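Structure first, then comments.
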Amino acid sequence: MDKIRIVGGNTLKGSIPISGAKNAALPLMIASLLTSETLTLENVPHLADVELLMRILGNHGVDISVNGRRERQTDGYARTIHFNCPTITDTTASYELVRKMRASFWVIGPVLAREGVARVSLPGGCAIGTRPVDLFIDGLKALGAQIEIEQGYVEAKAPSGGLIGAHYTFPKVSVGATHTLMMAASLANGTTVMENAAREPEVVDLANCLKAMGAKIEGAGTGTITIEGVTSLSGARHTVLPDRIETGTYAMAVAMAGGDVTLENTDTALLSSALEALRAAGTEITSTASGIHIVGHGDDIRPVDIRTEPYPGFPTDLQAQFMGLMTRARGTSHIVETIFENRFMHVQELARFGADISLSGQTATVTGVNELHGAPVMATDLRASVSLVIAGLAAKGETTVGRVYHLDRGFERLEEKLTRCGAEIERISDG
Ligand SMILES: CC(=O)N[C@H]1[C@@H](OP(=O)(O)OP(=O)(O)OC[C@H]2O[C@@H](n3ccc(=O)[nH]c3=O)[C@H](O)[C@@H]2O)O[C@H](CO)[C@@H](O)[C@@H]1O
Ligand SMILES: C=C(OP(=O)(O)O)C(=O)O
């Protein structure tokens, strides 16, 4: 199994191109199930999750070609991918595929809206929490669907005339349930109003793509989204928005290792709260014409308390990386995780570098230390694993990060992007 080997201590200098967002690309790809015409997505990142979703969509009858070619392309940033689903050939999403990636559960919305039935395996929990799907089920029921859980599958059936627009208030903010209901409501009869909807930029990106396909959606990016259903959607061409989590991750790497790096093709507006926390920690951040310029001092990091919240709050997907940064702060910081009940798996691994972190419920207390020391560590989930990479870059000596497949889910060409900024980092195979 591959590992990442890092020799820490180098400052980072240069530029890093930011990829299209995984968490936007996945729902956008799923939206291709809503139309018999071609949906073309530009700036699609090359990631394990994207490849897996292509297989899942293929099973439903989506014909996929990458930059006009049918074979999988393994190189090049910013792919253009064409998705065409003349008919949905299979309304079932199997346990085998859905268990590997939670977002694949979201196919339930478009498949149900277009075919009137959908049978999708429960995704189950993962390392960061139990992650139930009750809000998806309640929301789809509000649109008139009958839903049963049979042998681990969610079996959904629309009324004979199709889903019916409704007023639905989410009891809790959910990104995935907002995506799913927005896609389903786009093909429902009548108007749907979703209250307490997720406001993440990826929700806005999906809404913009659906609008380009002919959907009538207002309010995306606010807590209230109104969707007037239409009878069919057309094809469209849409560019995936920049990955704000990748952006924040590299900004935190520069803040911690020190250096001067421009993050290209991204935008400060996508991650204001995370950048505010970084500024408070002493990082210099300025907008450029096409990106963000970051100057980090590495050895003079101020402690900053953060609390994860739904957008526009501090993102849970940057919590582990920020904790990595705080391990080297001059003082004590508190990090409260409010979104996922078990998203602290990186704490025990950061301790291997010599970090001083104590946990009490959903709060981590991080007391900064003068130096981290490289160590063999193990990735437990996507964002936890990249926090270990960041710590490795700032630590003295050698670090190896195991279970690299977690990183490959969400970081395109991580080693290459960091190497071009002067980091000593490589992928090694155990043989
Ligand atoms: C592919 C993708 O975009 N993943 C992101 C998405 O995940 P995802 O869409 O799965 O996360 P949600 O916003 O749905 O989850 C937020 C919270 O709501 C809970 N919940 C959710 C649905 C439900 O039916 N019932 C329920 O209780 C979850 O367990 C969690 O505690 O948003 C998360 C929160 O920003 C991010 O960390 C993930 O990176
Ligand atoms: C938790 C994440 O992804 P997923 O929702 O696919 O597990 C993530 O992107 O950090």
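All ligand and atom numbering here is 1-based and tracks the order in the structure. From a predicted model like this one, the values you see are computed outputs, not experimental measurements. Quick note: numbers below take in every heavy atom, side chains included, and nothing from hydrogens, waters or symmetry partners.
- Every N/O-N/O distance between D49 and ligand 2 stays at or above 3.5 Å.
- Using a cutoff of 4.0 Å between basic side-chain nitrogens and carboxylate oxygens, D317 and K22 are not scored as salt-bridged.
- Looking at L26 against ligand 2, nothing comes within 4.0 Å, counting heavy atoms.
- With a 4.0 Å heavy-atom cut-off, ligand 2 is reached by no atom of M101.
- Of all the heavy atoms of R102, none lies under 4.0 Å from any atom of ligand 2, so neither backbone nor side chain is involved.
- Close approach of ligand 1 to G176 (heavy-atom distance below 4.0 Å) involves ligand atoms 9 (O), 14 (O).
- The closest protein non-hydrogen atom to atom 14 (O) of ligand 1 is S174 OG, 2.7 Å.
- Contacts between N23 and ligand 2 below 4.0 angstrom, taking non-hydrogen atoms only, involve the side chain exclusively.
- Ranking the protein heavy atoms by distance from atom 10 (O) of ligand 1 puts R131 NH2, 2.8 Å first.
- Remark: R413 does not engage E246 in a salt bridge, criterion side-chain N to carboxylate O under 4.0 Å.
- The heavy atom nearest to atom 11 (O) of ligand 1, considering only W106, F340, F170, F136, is found in F340.
- Between E337 and R343, none of the side-chain N atoms (NZ, or NE/NH1/NH2) sits under 4.0 Å from a carboxylate O, so this pair counts as no salt bridge.
- Given atom 34 (C) of ligand 1, the protein heavy atom at minimum distance is T316 CG2, 3.9 Å.
- Looking at N23, I339, V173 and measuring to atom 30 (C) of ligand 1, the nearest heavy atom belongs to I339.
- Considering only non-hydrogen protein atoms, atom 7 (O) of ligand 2 sits nearest to R131 NH1, 2.8 Å.
- Of all protein heavy atoms, the one closest to atom 27 (O) of ligand 1 is P132 CG, 3.4 Å.
- For ligand 1, the atoms closer than 4.0 angstrom to any heavy atom of D317 are 36 (C), 37 (O), 38 (C), 39 (O).
- Close contacts between ligand 1 and R102 involve ligand atoms 10 (O) [criterion: under 4.0 Å to a heavy atom].
- Taking the six-membered ring where the residue is Trp, H179 and W106 present tilted rings, their angle falling between 30° and 60°.
- Ranking protein heavy atoms by distance to atom 6 (C) of ligand 1, first place goes to V175 CB, 3.9 Å.
- Counting the atoms of ligand 1 from 1 in the order shown, those under 4.0 Å from a heavy atom of R343 are 37 (O).
- Residue, atom and distance of the protein heavy atom nearest to atom 2 (C) of ligand 2 are K22 NZ, 4.0 Å.
- Contacts with ligand 1 closer than 4.0 Å are made by heavy atoms of both the backbone and the side chain of D134.
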